[in-house]
Structure formats: structure tokens, C-alpha cells
A.B. asks: 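What follows is a single structure, and I will ask about it in a moment.
Values below: every heavy atom of this structure, side chains too, minus hydrogens, waters and symmetry copies.
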Amino acid sequence: MTEPASRAGPPLPRVYLMDNPQPNAFATGRNPSHAAVAATTGLLNMLSREEVAGVISHELAHIKNRDTLLMTVTATIAGAISMLAQFGVFFGGGHRDRNGGMGVIGTLLMVVLAPLAAMLVQMAISRTREYAADDIGARISGDPESLASALAKIDLAAHQIENVPAEQNPATAHLFIINPLSGERMDNLFSTHPSTENRIAALEQLAAQMGVARSSRGPRGAHSASGPWG
């Protein structure tokens with residue numbers, strides 16, 4: 001933790017360890033001075049030291065970019081839009097006589113489409129922030145391919161090992177580096193995370209641009225599976 005944090009620059013966030021067999025991690029906090037990074041025991045057990053450093057660097061990038069604050073503001077705006085759309089039911093129906101009934105239809109369309117559009121924008125911003133955190137995190141660690149390998153391992157394990165707390169509180173799923181709930185792999189409009197394959201491809205391209213790509217790389221996730229702690 002200290003090496004990625006020293007590269008990212010002060011202040012040092014609080015660090016927490018979650019007793020959870022699923023490898024995963026997330027960052028939270030409204031600003032770098034009030035931030036925390038949490039990692040699971042599964043992450044430390046299944047990933048190599050270089051891969052853990054890549055994951056921590058990704059989370060430090062979220063802190064550096066103030067993504068928690070950004071997504072909180074985005075969610076608040078989306079909620080406000082939904083509430084305004086609901087108010088339209090009460091304040092828009094009175095125009096029926098003047099508009100030949102189209103006022104009611106328009107109001108109903110607004111009630112349905114406005115919250116949907118707000119949610120789509122919110123999800124798109126979330127996916128964009130994950131790509132940005134991958135990029136900045138890889139630059140902090142100086143090893144994009146270790147982060148790519150970590151993403152591949154976490155994604156595979158997330159489909160095999162249940163994350164009970166996340167299942168009980170699905171609203172927190174967007175915080176994690178890999179969605180702990182869903183097996184979806186497509187960059188669909190309703191996904192909070194980009195597909196892992198696309199993220200890995202972007203990191204491999206970044207490694208080539210940085211001149212740190214491994215010339216003879218084994219299969220994805222081929223780093224030591226025993227973890228860095230023995």
C-alpha cells in the first residue's frame with residue numbers, strides 16, 4: 001500500500017481489510033483528505049504483490065479524481081430528475097383540455113423517460129470513471145499489465161465466489177473494482193462497470209505505449225495464484 005500511495009502523493013488514505021473470500025476492493029471518501037481504501041482477504045490471498053499494487057493504485061486513482069464525490073452528485077441529480085418527473089403527474093394533467101389529451105400523454109412519457117435517461121447518464125459516467133481509474137492507476141504503479149492480470153483474476157473469481165455483503169447491499173456494487181454481483185460482460189447501457197475484456201485491452205495498449213509490455217507473456221492471470229503473502 002505504501003509504495004503506490006507514495007507514487008500517488010499525499011495524503012495517505014485509511015486502509016481497511018474486509019474478511020471476504022471474494023477478491024475485490026473499493027475506495028470511498030469525499031476528498032483525498034477524507035478517503036479510505038478497503039480490500040478483501042480474498043484479494044490478498046489470490047493475487048500477486050504486483051497485482052495487489054495495481055489494484056490499490058486503481059483505487060488511489062479514484063480518490064485522486066474525487067470519483068466518490070462525483071458519483072454522489074450524479075446520483076443526487078438523477079434522483080432529483082426522477083422526483084421532478086413524478087411531480088409532473090400532478091402538475092401536468094391539468095392541460096388535458098387545452099392540448100386534446102396530449103398533455104397527459106406527454107406527462108406520462110416524461111415520467112418514464114426522464115428517470116431512464118438520468119440513469120443511463122449516471123451509468124455512463126460510472127463506466128467512464130472506471131476506465132480513467134484504470135489508466136491513472138496503471139501509470140501510478142508503472143505496470144499496466146499487472147493491473148490487467150488482476151482484473152482478469154478478480155472477474156473470474158467474482159463469478160465463482162459469492163460476496164454475501166454485496167448481495168445484501170447491491171447499491172454498493174458500483175464502488176468495487178469489479179462488479180461483485182453480475183456476470184454481465186458487455187458494456188451495456190445499464191452496467192456500472194465496463195466489460196473486463198475491454199478494460200484489459202485498454203491496459204495492454206497503454207503498456208505498449210509506455211514501453212513496458214512484456215514480450216513473452218503467459219496466459220492472462222498467469223502470475224502466482226498463491227498471493228504475495230506465502
Side-chain angles (χ1 to χ4, degrees), residues 1-18 20 23-40 43 52-86 114-141 144 147 150-151 154 158 163 165-166 168-182 187-196 198-199 202-203 206:
M1 172 68 192
T2 55
E3 183 176 349
S6 63
R7 292 182 179 180
L12 184 69
R14 296 186 301 275
V15 181
Y16 296 92
L17 184 64
M18 299 179 289
N20 192 311
N24 228 316
F26 68 86
T28 186
R30 66 180 184 273
N31 58 47
S33 298
H34 301 84
V37 173
T40 65
L43 185 86
V52 171
V55 171
I56 296 301
S57 296
H58 169 98
E59 301 305 334
L60 291 174
H62 277 306
I63 294 173
K64 191 179 184 70
N65 292 337
R66 301 173 185 261
D67 285 336
T68 299
L69 177 61
L70 173 63
M71 293 311 301
T72 300
V73 172
T74 303
T76 301
I77 294 175
I81 292 174
S82 298
M83 290 182 61
L84 290 174
Q86 295 295 327
L116 179 61
M119 183 176 65
L120 290 177
V121 172
Q122 182 182 356
M123 299 301 100
I125 293 175
S126 178
R127 293 192 298 272
T128 300
R129 302 320 300 161
E130 288 300 324
Y131 279 123
D134 284 344
D135 184 272
I136 296 175
R139 296 178 189 276
I140 291 174
S141 68
L147 176 55
L151 292 177
I154 297 172
N163 189 325
Q168 295 173 344
N169 300 279
T172 63
H174 72 281
L175 293 172
F176 289 86
I177 188 170
I178 292 288
N179 192 331
L181 307 176
S182 174
D187 271 349
N188 62 70
L189 295 177
F190 298 97
S191 174
T192 58
H193 291 69
S195 73
T196 303
N198 289 348
R199 294 171 70 179
L203 286 168
L206 176 62

A.B. asks: Checking Arg66 now: which residues fulfil side chain to side chain donor-acceptor pair (under 3.5 Å) with it, not counting sequence neighbours?
C.D. replies: none
A.B. asks: Drop me the distance from Ile125's CD1 to Ile77's CD1, to the nearest 0.5 angstrom.
C.D. replies: 8.0 Å
A.B. asks: Hey, does Thr68 have a side-chain heavy atom less than 4.5 Å from the side chain of Arg30?
C.D. replies: no
A.B. asks: I'd like to check the side-chain contact (heavy atoms from CB on, under 4.5 Å) partners of Ala35; sequence neighbours left out, ordered by chain and number.
C.D. replies: Pro13, Ile63
A.B. asks: Taking the side chain as C-beta and beyond, is there a heavy-atom pair between Glu59 and Ile177 under 4.5 Å?
C.D. replies: yes
A.B. asks: Closest heavy-atom contact between Thr40 and Pro23?
C.D. replies: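 Nearest heavy atoms, Thr40 then Pro23: OG1-CA, 3.4 Å.
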A.B. asks: Between Asn24 (side chain only) and Ile154 (backbone N and O only), is there a donor and an acceptor less than 3.5 Å apart?
C.D. replies: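 Judged by distance alone, no pair lies under 3.5 Å.
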A.B. asks: I need the Ile56 CD1 to Leu147 CG distance, nearest 0.5 Å.
C.D. replies: 11.0 Å
A.B. asks: State the CD1-CG distance between Ile140 and Asp135, to the nearest 0.5 angstrom.
C.D. replies: 10.0 Å
A.B. asks: Got a sec, which residues hit side-chain contact (heavy atoms from CB on, under 4.5 Å) with Thr76, two or more places apart in sequence or on another chain?
C.D. replies: Thr72
A.B. asks: Starting at OG of Ser195, measure out to CG of Leu151 and round the result to the nearest 0.5 Å.
C.D. replies: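 So the OG of Ser195 and the CG of Leu151 are separated by 11.0 Å.
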A.B. asks: Return the set of residues passing side chain to side chain donor-acceptor pair (under 3.5 Å) with Asn65 (not counting sequence neighbours), or none when no residue passes.
C.D. replies: none
A.B. asks: Considering residues at least two apart in sequence or located in another chain, which fulfil the side chain to side chain donor-acceptor pair (under 3.5 Å) criterion with Asn163?
C.D. replies: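 Here the qualifying residues are Asn20, Gln22.
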A.B. asks: Ignoring hydrogens, what is the shortest heavy-atom contact between Ala39 and Ala25? Give both atom names and the distance.
C.D. replies: CA-CB, 4.1 Å
A.B. asks: Looking only at heavy atoms, which two atoms of Pro32 and Pro11 are closest? And how far apart?
C.D. replies: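 Here Pro32 and Pro11 meet closest at O-CG, 3.1 Å.
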A.B. asks: For His193, does its backbone N or O pair with a side-chain atom of Glu130 as donor and acceptor, under 3.5 Å?
C.D. replies: no
A.B. asks: Can you find a pair of side-chain heavy atoms, one from Ile178 and one from Arg199, that are under 4.5 Å apart?
C.D. replies: yes
A.B. asks: Could you report the tightest heavy-atom contact between Ala173 and Pro180, atom names first, then the distance?
C.D. replies: O-CD, 3.6 Å
A.B. asks: Tell me every residue that passes side-chain contact (heavy atoms from CB on, under 4.5 Å) with Thr172, counting only those two or more places apart in sequence or in another chain.
C.D. replies: Asn169, Leu175, Phe176
A.B. asks: To check you understand the geometry: which heavy-atom pair defines the closest contact between Gly137 and Ser57, and what is its length?
C.D. replies: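 Looks like O-CB, 3.2 Å.
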A.B. asks: Kindly give the heavy-atom pair with the smallest separation between Asp67 and Arg129, and that separation in Å.
C.D. replies: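 The answer is OD1-NE, 2.8 Å.
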